[in-house]
Amino acid sequence: MTSSTDASPLSDLSTEELRALATAQRDAHAAHRAKGATLDLTRGKPSAAQLDLSDALLRLPTTTTDRSGTDVRNYGGLRGLVELREIFAELLRVDTEQLIAGGNSSLTIMRDVLVDLLLFGGVDSPRPWSQEEKVTFICPVPGYDRHFGLLAELGIEMVTVPMTDDGPDAEAVARIAAEDPSVKGMWIVPTYANPTGAVCSQEVADRLASMPTAAPDFKIFWDNAYAVHHLSEQEAKSADIISLTSASEHPHRAFVFASTSKVTYAGGGVAFLASSSEQIEWYLAHLGKGSIGPDKVNHLRHAEFFGDAEGVLAHMRRHREILAPKFAEVERVLGERLGGRGVATWNSPTGGYFVNLDVLPGTASRVVALAKEAGLSLTPAGASFPYGKDPQDTNIRLAPTMPPLSELTEAMEIVATCVLLAAAEKLSGDTAKE
Ligand SMILES: Cc1ncc(COP(=O)(O)O)c(C=O)c1O
């Protein structure tokens, strides 16, 4: 005999048992609501404890000149400080000459590159993208909401492909890119993807680098935002997309983006761009019309702070000490409350900033609404899809880095309660009740 308190799959429960389960979850929901807490699992921000790890930056740099004797307080040096570029070139596995250090946001560089492609065309474009009848991007889903927002604002259409455990579905990408000349590019977060945590395999990267495309100037926007953000000792190594493209017939296919937003300060870090030498010159030529040089004081401060590439990795291990217990707590609550119930699946990321939760199709928006009532803000359902529309209404992105551990436990209890309540309502055919 099954009771609603068992950890049985909900599909095995009778309507009466589902209603009993819903009642129990509604009581738990009311109890959370009565506490009047304000909890937030929306954005992937570093916690204050993580930011504290970089506070030595506030007392750096110790000098005003770089290695070559240039005064970093003055204009100039559009490529960024060479000693900082050397450190990140090693980590991103690119040539220092093919890497630029810029301002504090890689998203801004992504926007710059897209706007330049639209206004001027790339080094291998027959014409500016804005003169094409239409421009389409391939978007692996679920993906990063701001990537999609950027394309939507610029009038670039989006076609989705599934994200797999090895990166984007390469077969689907290759087919779409080969057939349609309006398909000019794709997004990919290759390491610990936002939000699935997937790591793009060398095989998938190789396929993307070498596949024939109908557009002669197809671009891979390789957003390696989480390149060094390991949560375990099994540190994933990003595929070397620049070497792969330079060895292919499409040497200008990849733009690589990264930043220290989640290494040092999210608002005061340094962003990077790598690409073929020609494409770097192309980018600098346009950038140079709007900038006389980046914040080299910040570059020098970062170079002194890290020392070398190993310094960055050692620093990231300190982040891991703060973050790994939070991700373990998410896993614990989900496992204990939802394991075996057949109404949710989730990933166990080995790096990055997110946990990807898939709930019973048709209930994600309801879960988010219920959580809000109980005092917990979740990323809007559908946010990880173009135009905010998840066709299955199933995906929820959890961002556990920001809250302290004690708040995280409470937040995850609310998530589990809402997932069970929404599922029980749906499966019993009952409409949403207070
Ligand atoms: C995949 C991805 N790219 C880029 C960013 C933002 O990077 P930045 O702070 O360098 O603009 C984020 C932040 O959440 C992200 O998840």
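Values reported hereafter were calculated over all heavy atoms of this structure, with side chains retained and with hydrogens, waters and symmetry mates removed. This chain uses plain numbering: 1 for the first residue, then up along the sequence. First listed ligand is number 1; within each ligand, the first listed atom is number 1.
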Are there any protein N or O atoms under 3.5 Å from the N or O atoms of ligand 1? List them with distances, or say none.
{"residue": "ligand 1", "atom": "3 (N)", "partner": "Asp223", "partner atom": "OD1", "Å": "3.4"}
{"residue": "ligand 1", "atom": "3 (N)", "partner": "Asp223", "partner atom": "OD2", "Å": "2.5"}
{"residue": "ligand 1", "atom": "7 (O)", "partner": "Ser106", "partner atom": "OG", "Å": "3.2"}
{"residue": "ligand 1", "atom": "9 (O)", "partner": "Ser261", "partner atom": "OG", "Å": "2.6"}
{"residue": "ligand 1", "atom": "10 (O)", "partner": "Ser106", "partner atom": "N", "Å": "2.8"}
{"residue": "ligand 1", "atom": "10 (O)", "partner": "Ser106", "partner atom": "OG", "Å": "2.7"}
{"residue": "ligand 1", "atom": "10 (O)", "partner": "Ser259", "partner atom": "OG", "Å": "2.7"}
{"residue": "ligand 1", "atom": "10 (O)", "partner": "Ser261", "partner atom": "OG", "Å": "3.3"}
{"residue": "ligand 1", "atom": "11 (O)", "partner": "Ser105", "partner atom": "OG", "Å": "2.8"}
{"residue": "ligand 1", "atom": "11 (O)", "partner": "Ser106", "partner atom": "N", "Å": "3.2"}
{"residue": "ligand 1", "atom": "11 (O)", "partner": "Leu107", "partner atom": "N", "Å": "3.0"}
{"residue": "ligand 1", "atom": "14 (O)", "partner": "Tyr226", "partner atom": "OH", "Å": "3.4"}
{"residue": "ligand 1", "atom": "14 (O)", "partner": "Lys262", "partner atom": "NZ", "Å": "2.6"}
{"residue": "ligand 1", "atom": "16 (O)", "partner": "Asn194", "partner atom": "ND2", "Å": "2.9"}
{"residue": "ligand 1", "atom": "16 (O)", "partner": "Tyr226", "partner atom": "OH", "Å": "2.6"}

**Prompt:** Do the two ring centres, one from Phe385 and one from Phe148, sit under 6.0 Å apart?
**Reply:** no

**Asked** Who passes side chain to side chain donor-acceptor pair (under 3.5 Å) against Asn347, sequence neighbours left out?
**Response** none

**Request:** Examine the side chains of His32 and Glu410 and answer whether a donor and an acceptor come within less than 3.5 Å of each other.
**Result:** yes

**For Tyr353, all residues meeting ring-ring contact (aromatic ring centres under 6.0 Å, His included), sequence neighbours excluded** = Tyr226

Contacts table for residues 306-317: side-chain donor-acceptor under 3.5 angstrom, sequence neighbours left out:
{"residue": "Asp308", "atom": "OD1", "partner": "Glu310", "partner atom": "N", "Å": "3.3"}
{"residue": "Asp308", "atom": "OD1", "partner": "Gly311", "partner atom": "N", "Å": "2.8"}
{"residue": "Glu310", "atom": "OE2", "partner": "Arg317", "partner atom": "NH2", "Å": "2.6"}
{"residue": "His315", "atom": "NE2", "partner": "Ser54", "partner atom": "OG", "Å": "3.2"}
{"residue": "His315", "atom": "NE2", "partner": "Val263", "partner atom": "O", "Å": "2.7"}
{"residue": "His315", "atom": "NE2", "partner": "His319", "partner atom": "NE2", "Å": "3.4"}

**Message:** My understanding is that only one of His250, Lys219, Glu278 makes a side chain to side chain contact (heavy atoms under 4.5 Å, CB included) with Asp124; could you say which?
**Reply:** Lys219

